[in-house]
Amino acid sequence: KKYKAYLAALQEHQRLSSPDDWSGSRPPARDIVEVFFSRSMFYSHYRKFFAGISHYPMMYTWLEQEGKGPLTNLEVWGVNLTSSSYKFSHLEAWIANGETLIVDINVNKEDKKGKDKGKGKGKGKGKDEEGPKKRAHKKNSYIAPIWIYLSMIMRAPVIIWIIIMLSTLPSIAAKSPQAGFPDVKFSVFSEFVATHFSSKVSLATVLLVLFSMLDNPDLLTLHFRQKHPTCDGENKIQISGWIKALVRGLQNKLGNRTRQLFKKSEFHHPNHADHVTPLAMKIDLLAELLKLTPYNDEGEFQGRLQLVSYDAIQSVQTICPASYICEDMNCEPRALLQDTRIRDIPLVTLIKGSKIHEKVSVLTGKCPKYNGHLSRVYLNSAPYLKVGQSTWVDREFSNAVLNGMYSFHASASAYTEFWNNSYGNITSKNPVQLTRRHVWQAFVQESIRTVAAESEIHLELRDNISINDVTSQAFDILGNSGKIGSAKDHTCSECTQDYRIASENAMDIDYALVNMVVLDGIVMGPTHCAYDDCTSDLNNSRGGSFCSYHENLYGVYCHVRGCQNRVTNQTKACEQHQKEWSKYTQHHSRQHLAGVRRMLQRPGTSMPWETGTKNIQPHDEDSTEYERKNYFGPGRFYCVETVCAPCGVVIAWAKFAKSESPTNILQFLKAVYPTEESRPNYICIDKACLVLRTSVANGSWDMWKKTSRFIVDSYHYINHRTTDSLCRKYCNPAPLDGSAPNLVVIAYDDSGQPYYKRAYNTQACEQLNAWLGGFESILKRMTPGNFSWFLHVMLFYHTKYVLQKQKQKGKAKADLESDDNGEM
């Protein structure tokens, strides 16, 4: 109906050809199309099929009768659907299949047999003339377009609901179809290069041109479409703007090497603009030679070009030692021999970045004179890492794992799922599925090399130890007791200030510069042995309560404190204390822990069933340690204490087993700053007044008072008691009486008015812990060894990031100052 209305409107438009027939300017005929259709739909469907529909009388009659004539749907289409169900796709298939949607799968076979028989004694001759009509409704026929079946099935309501439900499930994007690599003889390609390019053209230049063409199939399709006009008013353009744009890109990439693409007689002067068209003609000829055109020799469109697959030229990968000589200190620098027999060479899967290589040979090198012990050395320069029995990765992949975990607070399981969904299912003919263990291995090995490279050592461990032992031993050797090596002797304008002399009560300090560090703790930690004062690793991290030593001593006895009866019925309690055990298991079920998590995430809210106020421990009061009533569950470290500079650089960290007590804080500070020269001038802690009292009481203040002063951070200072004279006098973070001029400075606003400003960022640790809290859900499920190593790596990596950011900021500031000086 729409097409017939369009034809009627077009006929009327042609009739009203005189300008007097129009009140304004006469609209062009093409504007009538947009009254009834979208322009693209008109040219791709309506005009394509209906313009020649009169060549099919039966279909023409069926369309004219609009479902009310003598012809039935089955007679015309061969498939009985409702009249409104037929689409343009059905019409296209109907024309292609010889005016029917029914195709006989044996037509070609019968025709071939009939022809063969006709060549013989004449048997069967003439039968094929009416055979196809008779075979049209046989059982061995099928409907060509499979979507016709789907359209019939879709009318069932149950199927519709099933499909809707399936559509909500996670899906994987399919890999785009790719074309094969150009099948052209090398002699033909070589002859083209010799004929059109300079005799001095380099291999790199030729390959750059070749792969630039292969990687831009859409651009070549656009170019060749302009060379083959099909619509009225289109002109044939030999050298289109598309191919010229590609040439300009090549010129920008090649620079002076562009002259290699011309003969000496063709390249007159180095003006790139004058060489665009000549070079575009060469690229056009080369594309024709490589058959990188969507048109065949007869000028028929074969479909848009697809991205070319490089599988045919994929290089052979091998994994072999990165060193070419023996590097043992006790041996000579001899050449390494290939030590693996051919039948024993393993074929593994290698992941380089996001590219998957299968059946990669792993070759072992051996010095012929070396007879030392075997150990595993984690070479910092190793290009490939073994993360599974038959899975290897390159450093790009492992570095991406480390960056992903740091930037997105991702666990090994989360990163595994991300990689499998993004690359593992679509980048290989045989999908490769990584596991959490593969990703954790990649993280451990990459982080070991990153931390070891900072210390300029290669970690050497005993061979064939578990991954948990690797992380524990790596922290013992490279962890430096929680101190971050890259933060040693760090100074910057944010954490170091010039010393200012006070008018009174001046500090007796000889240093030219004044610095500060900030301490704070975040409540999280791994599990450990439940026995009193024991922080050893659990014998069984999944459900165990004791370390190996205490498990042997008390594992068979009731875990209620003081009870010497034996456990019963695969529980951790005796018959007498089964009620306590049942209560413990109920309170530690998943349903109960969900409510506990909600309280921890929103500690300031009160539920309707809660009465009174919660007992929140003030920062200026000591913490209380509670005695456990049973050992049903493991112990857990109370918090992680961190020391950082006001600029955000992490200096050190430690785990506190039971509480963030002043005694633990003083011991931690003593371990981080063992010498008088290393101690900071100001130590900012949320409970500084309590630490100061404890230090005076236990005598350690005699050591600290020579160099340092404890102050409270600005956020918590407002919660401390105003009646505490010691806190107000000695721990004030910003006194305005001039007693601590190094803590308060005078700054000026945009209008030039002076105002007081804190010299240091005393909230640095609070900000650090807010970021660190994103790893809590990951860290609390780790063993102590994995916990320590993971946390140390994240803080190490964070420090490197902060230092790098400061360096970039300083460079940008220096460039800005140099620009200002240049303008003056």
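By convention here, the first residue in the shown sequence is residue 1.
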Side chain of [X], backbone of [Y]: donor and acceptor closer than 3.5 Å?
{"X": "N399", "Y": "E446", "value": "no"}
{"X": "Q260", "Y": "S202", "value": "yes"}
{"X": "N421", "Y": "E417", "value": "yes"}
{"X": "S190", "Y": "F186", "value": "no"}
{"X": "N420", "Y": "L434", "value": "yes"}
{"X": "S422", "Y": "W419", "value": "no"}

Taking C-beta and beyond as the side chain, do [X] and [Y] meet within less than 4.5 Å on heavy atoms?
{"X": "V401", "Y": "M405", "value": "yes"}
{"X": "L385", "Y": "Q441", "value": "no"}
{"X": "L363", "Y": "I345", "value": "yes"}
{"X": "T416", "Y": "H438", "value": "no"}
{"X": "K291", "Y": "V184", "value": "no"}
{"X": "Q238", "Y": "K227", "value": "yes"}

How close do [X] and [Y] get, counting heavy atoms only, and between which atoms?
{"X": "V387", "Y": "V393", "value": "CG1-CG2, 3.8 Å"}
{"X": "G424", "Y": "I356", "value": "CA-CD1, 4.4 Å"}
{"X": "E288", "Y": "F224", "value": "OE2-CE2, 3.2 Å"}
{"X": "V308", "Y": "P182", "value": "CG1-CD, 4.1 Å"}
{"X": "S413", "Y": "R436", "value": "OG-CD, 3.1 Å"}
{"X": "S315", "Y": "Q317", "value": "OG-NE2, 3.0 Å"}

Before accepting this row, confirm whether a basic side-chain N of the pair E191/K185 lies closer than 4.0 Å to the acidic partner's carboxylate O.
-> no
For the [atom1] atom on [X], are there more than 12 heavy atoms of other groups (residues, nucleotides or ligands in this structure) within a distance under 6.0 Å?
{"X": "Q389", "atom1": "CD", "answer": "no"}
{"X": "K263", "atom1": "NZ", "answer": "yes"}
{"X": "W392", "atom1": "CH2", "answer": "yes"}
{"X": "L347", "atom1": "CG", "answer": "yes"}

To the nearest 0.5 Å, what is the distance between [atom1] on [X] and [atom2] on [Y]?
{"X": "Y415", "Y": "L402", "atom1": "OH", "atom2": "CG", "answer": "10.0 Å"}
{"X": "S398", "Y": "I351", "atom1": "OG", "atom2": "CD1", "answer": "11.0 Å"}
{"X": "T221", "Y": "L292", "atom1": "OG1", "atom2": "CG", "answer": "9.5 Å"}

Worked check of side-chain contact (heavy atoms from CB on, under 4.5 Å) between I243 and L220 = CA-CA 7 Å; I243 200 74; L220 294 178; 3.9 Å; yes
Measure from the ring center of F189 to the ring center of F192 and say whether it is less than 6.0 Å.
->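 Between F192 and F189, which both carry aromatic rings, the centre distance is not below 6.0 Å.
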Aromatic contact, Y310 with F211 (centres under 6.0 Å) |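 Yes: the rings meet the under 6.0 Å criterion.
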Only one of L290, D311, L214 passes side-chain contact (heavy atoms from CB on, under 4.5 Å) with F181; say which it is.
-> L214
Give the table of side-chain donor-acceptor pairs shorter than 3.5 Å for residues 297-305, with sequence neighbours excluded, one pair per line with atom names and distance.
| from | atom 1 | to | atom 2 | distance (Å) |
| --- | --- | --- | --- | --- |
| E300 | OE1 | N296 | ND2 | 3.2 |
| Q302 | NE2 | E300 | O | 3.1 |
| R304 | NH2 | D218 | OD1 | 3.0 |

Yes or no on side-chain hydrogen bond (donor to acceptor under 3.5 Å, both in side chains) for T230 and R225, after CA distance, side-chain angles and deciding distance?
-> CA-CA 9 Å; T230 59; R225 174 61 181 82; 3.0 Å; yes
Verdict with reasoning, L254 to L261, per side-chain contact (heavy atoms from CB on, under 4.5 Å) = CA-CA 10 Å; L254 290 170; L261 300 178; 3.7 Å; yes
Trace of the side-chain contact (heavy atoms from CB on, under 4.5 Å) decision for Q314 with H357 | CA-CA 9 Å; Q314 185 65 53; H357 302 269; 3.1 Å; yes
Could you tell me how the ring of F262 sits relative to the ring of H275: parallel (under 30°), tilted (30 to 60°) or perpendicular (over 60°)?
-> tilted
Evaluation steps, side-chain contact (heavy atoms from CB on, under 4.5 Å), between M213 and L286 | CA-CA 9 Å; M213 298 171 65; L286 182 57; 3.6 Å; yes
